[in-house]
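Step one of this worksheet: look at the structure below.
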Amino acid sequence: MSSFKSELTTKASQEKAVQACRYALKEMQLVIKKDDGAKFIANEKLRMLGFANPAKIEVDIQSANDTLRINVKASNIGLGPIQGGHVKGVAETFLSQVQLKLSESTKGESPKSVADEIAKLAALKEQGLLSEEEYSMAKARLLS
């Protein structure tokens, strides 16, 4: 089994973090199996073509003092660099989507156009928070 763990810390409220997680799961078109507010379990849809097995993602939002920690674990059946890279990509894409949504809500404004969304994705890519592949996938979703 391949797995990858990561986390994101934020000063956002728990409500905003939960909303951002739900947004990210929806944007990634993951099937939510469990939603307890502060804990989520979701699966990728089975794809007919592709070399990677569908990933499972587990999200746990924990409060620590004045910050929240969003813990993410992605896993799938299978070993090797393709499976490992896939689950890492799923976790990182999820956290990037959450971070994007949280940054929108802290500014108090939402993007006005698809061009604004793409510009935000480009900024995340430049900061090293999105890989070229994640950026291309997110951009393609916006343009479709």
When the side chains of residues 56-65 are checked against the rest of the protein, which donor-acceptor pairs come out under 3.5 Å, sequence neighbours left out?
{"unit_1": "Asp60", "atom_1": "OD2", "unit_2": "Gln62", "atom_2": "NE2", "d": "2.9"}
{"unit_1": "Gln62", "atom_1": "OE1", "unit_2": "Arg69", "atom_2": "NH2", "d": "3.3"}
{"unit_1": "Gln62", "atom_1": "OE1", "unit_2": "Asn71", "atom_2": "ND2", "d": "3.4"}

- Between Gly37 and Arg22, what is the shortest heavy-atom contact and its length? CA-NH2, 4.0 Å
- Message: On a heavy-atom basis, which atom in Ala138 and which in Gln97 lie closest, and how many Å separate them?
- Response: CB-NE2, 4.1 Å
- Item | Contact check, side chains of Leu8 and Gln99, non-hydrogen atoms, under 4.5 Å | yes
- To the nearest 0.5 angstrom, please state how far the CZ atom of Phe94 sits from the SG atom of Cys21. 4.0 Å
- Answer yes if Leu30 and Phe4 sit in the same cluster of Ile, Leu, Val, Met, Phe, Trp and Tyr residues linked by side chain heavy atoms under 4.5 Å apart, and no otherwise. no
- Query: Between Lys101 and Glu104, is there a salt bridge with N-O shorter than 4.0 Å?
  - Reply: yes
- To the nearest 0.5 Å, what is the distance between CG (Leu130) and NZ (Lys139)? 13.0 Å
- Task: Check whether any side-chain N or O of Asn76 sits under 3.5 Å from a backbone N or O of Asn53 as a donor-acceptor pair, and report yes or no.
- Result: yes
- Say whether Ile82 and Leu79 are linked into one hydrophobic cluster, either directly or through other cluster members, by side-chain heavy-atom distances under 4.5 angstrom. no
- Message: A side-chain contact here means heavy atoms from C-beta on lying under 4.5 Å apart; do Pro54 and Asn43 qualify?
- Response: no
- Give a yes or no on whether the backbone of Gly89 and the side-chain of Glu92 come within a donor-acceptor separation of less than 3.5 Å. no
- Quick one: closest heavy-atom pair of Ser3 and Ser75, and the distance? CB-CB, 3.9 Å
- Task: Identify the two heavy atoms, one from Ala12 and one from Leu68, that lie closest to each other, and give their separation to 0.1 Å.
- Result: O-CD1, 3.2 Å
- On a heavy-atom basis, the closest approach of Val87 and Ala55 is CG1-CB, 4.2 Å
- Cluster question for you: counting only ILVMFWY and a side-chain heavy-atom cut-off of under 4.5 Å, with indirect links fine, are Leu124 and Val114 together? yes
- Taking side chain to side chain donor-acceptor pair (under 3.5 Å) as the test, write out the residues that go with Lys125, two or more places apart. Glu132
- Message: Are Ile32 and Ile70 linked, directly or through intermediate hydrophobic residues, by side-chain heavy-atom contacts shorter than 4.5 Å (ILVMFWY only)?
- Response: yes
- Query: If you count the non-hydrogen atoms of other residues, nucleotides and ligands that lie under 6.0 Å from CD in Glu15, is the total more than 12?
  - Reply: no
- Message: Check for me, please, whether Met1 and Val90 land in the same ILVMFWY cluster - side-chain distances under 4.5 Å, paths through other members count.
- Response: no
- Item | Any side-chain heavy-atom pair of Lys11 and Lys16 under 4.5 Å | no
- Task: Nearest 0.5 Å please: distance from the CZ atom of Phe40 over to the NZ atom of Lys33.
- Result: 15.5 Å
- Task: Tell me, please, which residues at least two apart from Thr10 pass side chain to side chain donor-acceptor pair (under 3.5 Å).
- Result: none
- Message: Let me confirm one number: the OG-CE distance from Ser96 to Met28, rounded to the nearest 0.5 Å.
- Response: 9.0 Å
